[in-house]
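I have placed the structure first, in the form of structure tokens, so that the comments after it can refer back to it.
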Amino acid sequence: MPYILSLLTYIPLAAALIVIFFVPKDKTRFIKYFATGVMLLDFILSLPLWFGWWGASSQAKGMWVFEEGPFDWIKSIGVKYHFGVDGMSVLLVLLTTLLGVLAAWSSWKYIKEREKEYYVWLLILQTGMIGVFCSLDFFLFYVFWEVMLVPMYFLIGIWGGPNKLYAAIKFFLYTLAGSVLMLIGILALYFQTGALNNGQNTFDLDVIYKLNLDPSFQWWIFAAFFVGFAIKVPMFPFHTWLPDAHVEAPTAGSVILAGVLLKMGTYGFYRFSLPILPDATIKWIPFLMILSIIGVIYGAMVSLVQKDMKKLVAYSSVSHLGFCMAGMFALTEAGIKGSILQMINHGISTGALFLLVGIVYERTHTRMIKEYGGLAKLMPVYAAIFMVITLSSIGLPGLNGFVGEILILLGAYHMPAFLFSKSLIFFLVSGMVLGAAYMLWMYQRVFFGEVTNPHLEEHVKGNDMNWREIGYMAPLVLLAVWIGLYPSPVIKRMEPSIKTVMEKVTPAIDRLREAKGIKPANNVIEKKEWKSETPAAAEDQGVAAPEAGAENAAPAQEHKGE
Amino acid sequence: MESFKLVMPVVSLSVLGLGLLMLTSFAKVRDSLFGKLSLLGTVLLGGYPVLFLYSRGGAVSSAAMLSWDSLGLFFYLVCLAASLAAIALIPGYFSFKEVPGRQEAYPLIVFALTGMVVMASANHFLMFLLGLEMMSLCFYVLAGILREQEYAVESSLKYFILGVFSSSLLILGMGFIYGSTGELSYARIFDAMLTGDFRFGEPMVLLGFVLLLAGLFFKLSLVPFHFWAPDVYQGAPTPVTALLSVGGKAAALAATMRLFLEVICGSELLSRKWFALFAILGIVTVFTGSLIALTQSRFKRLLAYSSIVHAGFLALGIAAMAGGGGISPKAVQALGFYAAAYLFMNVSAFVCAQAIEKRSRMDEELSSLSGLGSTSPVFAALLSLNFLSLAGIPLTAGFLGKFYIFSALVEQGTKPFYWIAALGLLGAVIATFYYLKVLVILYFPSKEQIPAPPPKMSPESWAVLLICSFFTVLFGVFPGAVLALADIVTR
């Protein structure tokens, strides 16, 4: 289907405009169904991205699949409309469209006032998020990145909890402050592109990827990007907006914040910092790793002491995202694979946790752990689903979290020792242990024991999850199990993308190795590992192509062989 | 014919202004009709010269002391649009304030427009001074035209005293330059600067330019020359404030740009520390303006500080234009675009300010906006749109304006420019905070706040608001067409 990415991006916006102009405010039932229906349509339309992946003809030509453009948008300054995905962003697009459906569906009962505006903002937010992951033009990316703040600001500010104004403004200003600094980095890159592009500067990523930048220049650009992305991730000292925003946001807002918005930071590092600024990335590694470790441990420790379930889940995000960052900056294939997989996993399990907390909050209007206890007796189905998701978040083998974490640990182990100390693994593992501690302890306090709170019994007895709630939890539980048991379809899709990134990063690592005077002979094991990974990956590719069986892919494969 | 071409815009506008003045004295025309007549007259007699000159490729003459080049014509259009908005807004405003008569406001606006246009196009110090004074005198009167209202006289008097002071600085600067070079025409001073043979040495010329610029900074309301702005903005009738903040600033900006483009660019002086001057002033202005704006609780004073902040961004644009050892065409274009973007978003903001004013006061508390998001959704949506544009959120004109200015800064490619760009953008984040504050009041009213009455908008106000908002979005989404226009500036 041509222009499928644009279609995916603008369908929610078009629906939002229809609702604004043609649907009266009091037709709330219609608005709910319509918005959820549009989200579902968007999700169904995004499925060809998954199933049509190997048949996509453009894969052989370059790294972008389902590419659109580049068309001129603002010609005089070289801004292009350029859409496309690779194996990494396609997963995030699918995650976004899925969580969009669940977010709209889960809000039917939760949102009781100003429904029209609510669903309009939710739809516009969806457009912004898909646009961010599809943009291959830096300017376009920035536009989506910033525009998305406005709907989220309103979602938190109007339908949020008691302290919503503070949270909404903090969220907006933090992200804005990060992104304006990123803008300077973008502009600095932009003015380097003229020589590669017939004197016309451009924001097109295809051109920017070809830049060969001076390492000290890279260092500054990395600093500018770092602030923008690290706030979004959020990395340790920049994370303070997150608990506020998560706790105050309505359930659907939290799901989207955790599931998609946080991924934009990691996506930014992966898409821009690693391939464009490999030398700077390596110089920044000690700093990034220390912040990631602090994030992992600190996030987990703070989660341990939370009294509010939603806040606990929010802080657990800091810890999980620290994991993702550590995996990515291990700069090995396994680490990056694990990092991307962990992004998806975090979207699934943390999104699900927020939905679950929302379900019980709708009934009891409290999220304080101490008000609960013995919930398993009152809501058995709920308890079962909560258990699965808890285990997935902890990383129990057989569920999705495990695969991501083990890949990250593997990647950290293979990391060249001159980049960062191997003690990293120790800290990551202790983070995992702490993660199990806070999740299981919360589960124990909420679900086991006697029912101590009389109100609880009154509100939830015989009021277990209804079919709608089971309906929107089911896809997440199924995904958690599926990725846990059979992750290779997901991993295979991201492999070509990771390979292109590694092609940029590996020479930089080698340069640093030489500069440090470390002879490859001293690192026999590492070097061997390093080499052995490439043919193995190539074999994977070879296996993958016949599987696809498409007419287009086969000749291209032959061509590559020559 | 050639000489007629040169004076044609001035003649055309003066005829219009005098005609309207005659009409106020000798014919008893109803207020509403008079407003429509002025609007029509300004569209025809003010708009025709632009078309006429543009179709003939402009006209430049140092003998006539005027140059209707692309820069002049572009800022002519900006000032004309601001004046049209003010003329369209005034009838509704005066009838709401229950002040019949006062028809002299219309010719005064036309004369102010004449002044602005002359100021933007003058290439001779005398003509420049004439334009500046013509504009300022009209503004002094216009600011106090509703003299029964609270703050009106204060506003007018404050503006007059500080304005005269700034003019005298400016004239002193001109005197120094004249004393050193013996010339008043830009082209001749340019020649004299090339040889570098000054009667009293170069420092005297430099001092002259600094004093001259200080006078212009008053009109641009850069910190520390900004003290008049909040009081004057608050006390002047809102349509006049809109004109003052957009037209007056655009004219001063054009005059500053022309000084650099036609005089300073050819000399050693250009390599002086203009970058430091404008960059420091710009950053200080952006931060001071934003921080003070945070504490404001009145709509027009908030807008006054907001316009100070925007003047700071303009100063950063000038820093980019003159800072790199040559004139940066990108920065010239950026300044043109910014002026146009500022015109639309700021006029819209003032239309909204006017809509919530009370009969007996010249300004209104921000709380009069509370809850309008649900009671007057269209009004609130348009106000938010323009405020997001002022804050510089993408897909609006304000974002691209900032984008062009900062890309012109980054283009210079050295560390100081990067730092200034970073500081300026952080200032913009602080500025966003108070724009968001207004959105909060509109959409997230607290329980104890009484919902505000719906705003009072005349059909003309709606028209101005809708047109300006349309352009705010158009400039933000499809700037190509507009850039082609701003391109004319660099031609």
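So you know, we letter chains A, B, ... as the sequences are listed, proteins then strands, and number each from 1.
Residue A:Leu149 does not touch chain B at all, counting heavy-atom pairs closer than 4.5 Å. With a threshold of 4.5 angstrom between heavy atoms, B:Ile430 does not approach chain A through any atom at all. When heavy atoms are compared at a cutoff of 4.5 Å, A:Ile158 approaches chain B by way of both its backbone and its side chain. For chain B, no part of A:Trp145 is nearby; none of its heavy atoms comes within less than 4.5 Å. When heavy atoms are compared at a cutoff of 4.5 Å, B:Leu409 does not approach chain A at all. When heavy atoms are compared at a cutoff of 4.5 Å, A:Val150 approaches chain B solely by way of its side chain, counted from C-beta outward. The contact between A:Phe217 and chain B is made entirely by side chain atoms (from C-beta outward), counting heavy-atom distances below 4.5 Å.
Residue A:Tyr81 qualifies as enclosed at atom OH: its count of foreign heavy atoms under 6.0 Å is above 12. More than 12 heavy-atom neighbours from other residues, nucleotides or ligands sit within 6.0 angstrom of OH on A:Tyr110.
Across A:Ile184 and B:Tyr418, no two heavy atoms sit closer than the pair CD1-O, 4.2 Å. The two residues A:Leu173 and B:Val429 make their nearest non-hydrogen contact at CD2-O, 3.7 Å.
Annotation: B:Phe403 is in aromatic contact with A:Phe139 [ring centroid separation under 6.0 Å]. Ring to ring, A:Tyr153 and B:Phe444 are close: their centroids are under 6.0 angstrom apart.
Side-chain contact between B:Leu425 and A:Leu181 is absent, with no heavy-atom pair separated by less than 4.5 Å. Counting heavy atoms from C-beta on, the side chains of A:Phe144 and B:Pro394 never come closer than 4.5 Å. Using a 4.5 Å heavy-atom threshold, the side chains of B:Phe406 and A:Leu183 count as separate.
For the atom pair CG of B:Leu436 and CD1 of A:Ile169, the computed distance is 6.0 Å after rounding to the nearest 0.5 Å. Once rounded to the nearest 0.5 Å, the distance linking CZ of A:Phe154 with OH of B:Tyr443 reads 5.5 Å.
In terms of heavy-atom pairs under 4.5 angstrom with chain B, the leader among A:Arg114, A:Lys75, A:Lys25 is A:Arg114.
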